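Keep in mind the model is a prediction, meaning the values are calculated, not measured.
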Amino acid sequence: MTLRLLFDEIRSRLKQISDELHYPQVEFEVSEAARPEFGDVSCNIAFLLAKTLKKRPLEIADIISKQYQKNKGKFVKEIAAHPSGYVNFVANFSELNNSTITSSMQKRYGDINVGKNLKIVVEHTSVNPNKALHIGHVRNIIIGDTVSKILHKSQYDVRVLNYVDDSGLQVADIIVGFKYGGYSTEQPKGQKFDHYCGDVVYVNMTEKYETDSNLAEKRTLVLKELEEGTSETAKFANDITRKVLDEQLKTCWRLGVTYDCLNFESQVVRSNLWKIVFEKMKSMGIIELEKEGKNEGCWVIKSADEEDKVLVRSNGIATYIAKDIPYAAWKLGMLDDPFYYKKHAEQANGRILWETTLEKTGNKLDFVGEKVITVIDSRQSRLQKLITKIMSDFKSQEGAYFHLGYESVTLSADTAKTLGVDTSGKEAQMSGRKGIYINADDVLDILGKKTYEEAKKRNPDLDELSLVKISEQVAVGALRYAMIKQDLDKIITFDLTESLSLEGDTGPYIQYSYARASRILEKAETEPNFDVSFDGLTTEYELNLVKAIGKFDIQIEDAAKNLSPKIIARYCYELAVTFNTFYEHVKVLTAEDKSLINARLCIVYCFKETLVKALDLLGISSPSRM
RNA sequence: GGGCCCGUAGCUCAGCUUGGACAGAGCACCGGACUUCUAAUCCGGUGGUCAAGGGAUCGAAGCCCUUCGGGCCCGCCA
């Protein structure tokens with residue numbers, strides 16, 4: 001809590017002055033000054049008052065700043081009415097430095113109580129277990145993971161779920177391949193099983209269905225067997241999908257992503273939750289049995305402004321979104337939990353990964369939330385809107401179920417070309433079915449190779465093991481940052497060549513600033529001593545760094561309230577730029593005197609500690625050398 | 001036909017929720033800085049009718065309306 005203190009102080013003093021002068025109450029804004037020459041903080045109060053007071057903004061700004069001069073408080077050094085009408089403030093850095101440095105040293109710096117320990121579910125990843133993860137999935141995973149970390153730091157009680165659609169058509173496709181298509185259940189040497197299933201079996205089988213009607217029939221049969229869940233086929237499919245899932249999870253873990261529970265669709269289907277929810281919707285009048293027209297004999301959701309949606313076909317079989325409704329209600333804790341839980345794995349960070357089971361031998365645990373965030377790309381917006389509406393009816397409360405949508409990842413024309421797809425210069429939609437995608441593991445491998453070479457060149461003294469570790473950390477940092485830095489409603493056009501860039505606004509740039517800071521502290525002759533005055537920090541480079549460090553909790557609050565992970569990415573970048581500028585202009589170890597060296601060591605230390613926390617939120621690790 | 005999203009520098013994007021000070025970054029391009037705490041860096045330069053038009057406002061990239069361009073979604077598939 002630092003810059004926030006300055007903002008709060010200014011806000012409340014302005015409020016006080018406005019009251020003293022009997023001005024009408026206005027929702028004025030206290031924010032960071034747009035340019036250095038305007039000072040550190042600006043307020044637009046005079047503009048807002050100008051309307052009712054019928055005076056020029058400057059005139060009002062002038063009165064207010066004169067009044068403010070009488071008591072400048074703890075954190076303000078100067079107040080000025082700018083000709084434009086803004087009231088501008090210069091911070092009292094003697095106070096701000098101390099306050100920022102002291103707070104940012106603390107272990108839980110940046111923690112902010114937005115969530116008030118509310119139980120919240122974040123569901124993400126949710127990839128069909130019949131293929132490897134491609135970069136489109138990576139965007140989902142990284143958004144979900146980052147949001148869950150931000151919510152955790154904002155004092156929500158977060159549970160992270162990964163929904164495994166193990167009973168759908170896509171799974172049936174590869175099962176047919178193994179049972180009737182002649183594909184071995186053993187992958188070729190050197191290939192991951194998930195890659196084999198997706199790149200070879202799934203893609204090839206999809207082609208074969210086009211020409212072989214016999215196989216297509218088998219698929220319908222297999223799909224039915226999967227849903228019933230008792231047959232030999234279902235058991236076989238279960239073995240296969242779990243094998244694929246475990247390979248997918250390796251990729252997620254490689255990206256630094258962990259979960260609390262795997263929820264298997266097949267078990268949701270067999271749990272009979274649907275029946276309960278179906279009856280509930282009937283009794284609430286949410287769905288109706290259509291008596292006539294094209295949907296005759298179906299249970300549908302009526303919609304005034306959109307097409308009616310069929311939930312139960314005229315043959316009595318539920319459509320696929322009918323699986324999502326009980327699951328959504330389950331996530332919100334609105335149904336008696338039919339599941340038991342057994343341990344699936346212990347993840348690298350010590351977090352236990354559980355999985356649902358219907359066997360009563362498992363534990364009874366709690367993975368539901370008062371609020372639920374489901375991360376799914378915006379192509380599903382229509383269906384998610386329906387589910388959101390049904391959930392708010394169920395709960396008689398708006399906003400408990402939230403669809404966090406985002407635009408998809410497409411491939412650049414050049415990258416599509418490397419897959420043999422000619423788009424005549426336009427970007428290409430990815431398709432697992434058609435084999436148009438870039439696998440996540442492959443991207444990480446290619447990035448890793450490049451970062452390994454770079455790291456080796458720069459650090460000839462480092463051993464092989466360290467180099468490999470660093471290169472992997474940087475590769476993951478590069479990919480994660482690229483996936484999170486832009487807004488959710490912007491399409492990411494993925495270009496393989498461009499993604500290898502490690503300069504400028506990238507993850508590695510930020511990580512590099514951390515490595516630089518680490519080396520300064522490592523090479524310093526003494527540990528930083530914080531029991532001193534920081535008045536000696538006076539250059540713009542030092543003060544800007546202090547200010548940047550002091551913004552952390554404000555950024556987290558913003559990101560958490562708006563579920564906008566890119567805010568943290570931009571903050572990390574801002575921190576890194578500010579530090580790199582400082583680094584190039586201000587010497588730490590060779591500063592004029594010992595006390596200045598110490599004071600600078602202290603801000604370098606605080607920068608490093610704040611950056612590592614911010615990067616943690618993005619799931620990006622901070623190597624001390626690179 | 002209906003719905004959702006996008007359009008800001010050659011390219012990729014911030015800024016838009018909550019209107020105010022000369023519209024900011026990165027990449028690319030041009031020039032400069034490594035016997036120095038790692039040059040994955042820094043400093044400077046070139047580059048913009050904020051898609052177009054209209055409206056409300058003292059004031060619009062931002063709010064409202066219209067148009068144009070691009071993407072996605074609209075099955076008794078999942």
Using a cut-off of strictly less than 4.0 Å, decide whether [X] has a side-chain nitrogen or oxygen near OP1 or OP2 of [N].
X: A:Arg35; N: B:G24; result: yes
X: A:Arg313; N: B:A78; result: yes
X: A:Lys426; N: B:G71; result: yes
X: A:Lys566; N: B:G15; result: yes
X: A:Tyr509; N: B:C42; result: yes
X: A:Lys523; N: B:U38; result: yes

If the sugar-phosphate is the primed atoms plus P, OP1 and OP2 and the base is the rest, what is the B/S/- string for nucleotides 1-6 of chain B, using protein heavy atoms under 4.0 Å? -B--SS
Reckon [X] touches a base, only the sugar-phosphate, or nothing at all at heavy-atom distances under 4.0 Å?
X: A:Glu27; value: nothing
X: A:Val312; value: nothing
X: A:Glu453; value: nothing
X: A:Tyr573; value: sugar-phosphate
X: A:Asn315; value: nothing
X: A:Asn580; value: sugar-phosphate
X: A:Arg570; value: sugar-phosphate
X: A:Leu521; value: nothing
X: A:Ala517; value: nothing
X: A:Val87; value: nothing
X: A:Glu37; value: base
X: A:Glu29; value: base
X: A:Ile491; value: sugar-phosphate

May I ask you to decide whether [X] forms a salt bridge with [Y], counting only side-chain N to carboxylate O separations under 4.0 Å?
X: A:Arg570; Y: A:Asp558; value: no
X: A:Arg382; Y: A:Glu307; value: no
X: A:Lys417; Y: A:Asp414; value: no
X: A:Glu522; Y: A:Arg519; value: yes
X: A:Glu472; Y: A:Lys469; value: no

Which residue, A:Ile470 or A:Tyr320, contacts RNA chain B at a nucleotide closer to its 5' end, judged by nearest heavy atom?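 First, find each residue's nearest nucleotide; the 5'-ward one identifies A:Ile470.
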Residue mapping more 5' on RNA chain B - nearest nucleotide basis, A:Ala318 or A:Leu502: A:Leu502
Pick the [atom1] atom in [N] and in [M], then give their distance to the nearest Å.
N: B:G45; M: B:A9; atom1: C1'; value: 14 Å
N: B:G47; M: B:C63; atom1: C1'; value: 30 Å
N: B:G31; M: B:C58; atom1: C1'; value: 45 Å
N: B:C16; M: B:C5; atom1: C1'; value: 15 Å
N: B:C64; M: B:A39; atom1: P; value: 49 Å
N: B:C29; M: B:U46; atom1: C1'; value: 8 Å
N: B:G15; M: B:G24; atom1: C1'; value: 7 Å
N: B:C34; M: B:C43; atom1: P; value: 16 Å

Quick check for you: among [options], whose closest atom lies nearest to any side-chain atom of [X]?
X: A:Glu307; options: B:C37, B:C74, B:C76; answer: B:C74
X: A:Leu383; options: B:C58, B:A21, B:A78; answer: B:A78
X: A:His585; options: B:C43, B:U38, B:U41; answer: B:C43

Can you tell me if NZ on A:Lys450 sees more than 12 non-hydrogen neighbours from other groups inside 6.0 Å? yes
How about CD on A:Glu210, more than 12 heavy atoms from neighbouring residues, nucleotides or ligands closer than 6.0 Å, or not?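 It does not: A:Glu210 CD has 12 such atoms or fewer within range.
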Please state how far atom [atom1] in [X] lies from atom [atom2] in [N], giving the value in whole angstrom units.
X: A:Asp414; N: B:U12; atom1: CG; atom2: P; result: 13 Å
X: A:Arg519; N: B:C37; atom1: CZ; atom2: C1'; result: 9 Å
X: A:Lys294; N: B:C74; atom1: NZ; atom2: P; result: 13 Å
X: A:Lys485; N: B:A25; atom1: NZ; atom2: C1'; result: 9 Å
X: A:Asp505; N: B:G26; atom1: CG; atom2: C1'; result: 5 Å
X: A:Ile317; N: B:C77; atom1: CD1; atom2: P; result: 10 Å
X: A:Asn544; N: B:C42; atom1: CG; atom2: C1'; result: 15 Å
X: A:Glu592; N: B:U36; atom1: CD; atom2: P; result: 20 Å

Please confirm whether any donor atom in the side chain of A:Ser314 sits under 3.5 Å from an acceptor in the base of B:C76, or the reverse. yes
Measure distances between side-chain N and O atoms of A:Ser42 and base N and O atoms of B:A21, and say whether any donor-acceptor pair falls under 3.5 Å.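 Such a pair is found, so the answer is yes.
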Stems formed with participation of RNA chain B [Watson-Crick or G-U wobble, under 3.5 Å, three or more pairs]: B:1-7 with B:68-74, B:10-13 with B:24-27, B:29-33 with B:41-45, B:51-55 with B:63-67
In terms of relative ring orientation, are A:Tyr327 and A:Tyr163 parallel, tilted or perpendicular, with 30° and 60° separating the classes? parallel
Ignoring hydrogens and geometry beyond distance, is a side-chain donor-acceptor pair present between A:Tyr401 and A:Thr374 at under 3.5 Å? yes
Between A:Phe582 and A:Phe579, is the gap from one ring center to the other below 6.0 Å?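 Aromatic pair counts; centres sit under 6.0 Å.
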Verify the ring-centre separation between A:Tyr86 and A:Phe47: is it less than 6.0 angstrom? yes
Cationic tip of A:Lys282 within the cone over A:Phe278's six-membered ring, i.e. under 6.0 Å and within 45° of the normal?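 Here A:Lys282 passes the 6.0 Å and 45° test against A:Phe278.
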Heavy-atom check, side chain of A:Ile603 versus side chain of A:Phe607, under 4.5 Å: no
A:Asp40 side chain reached by A:Phe89 side chain, heavy atoms, under 4.5 Å: no
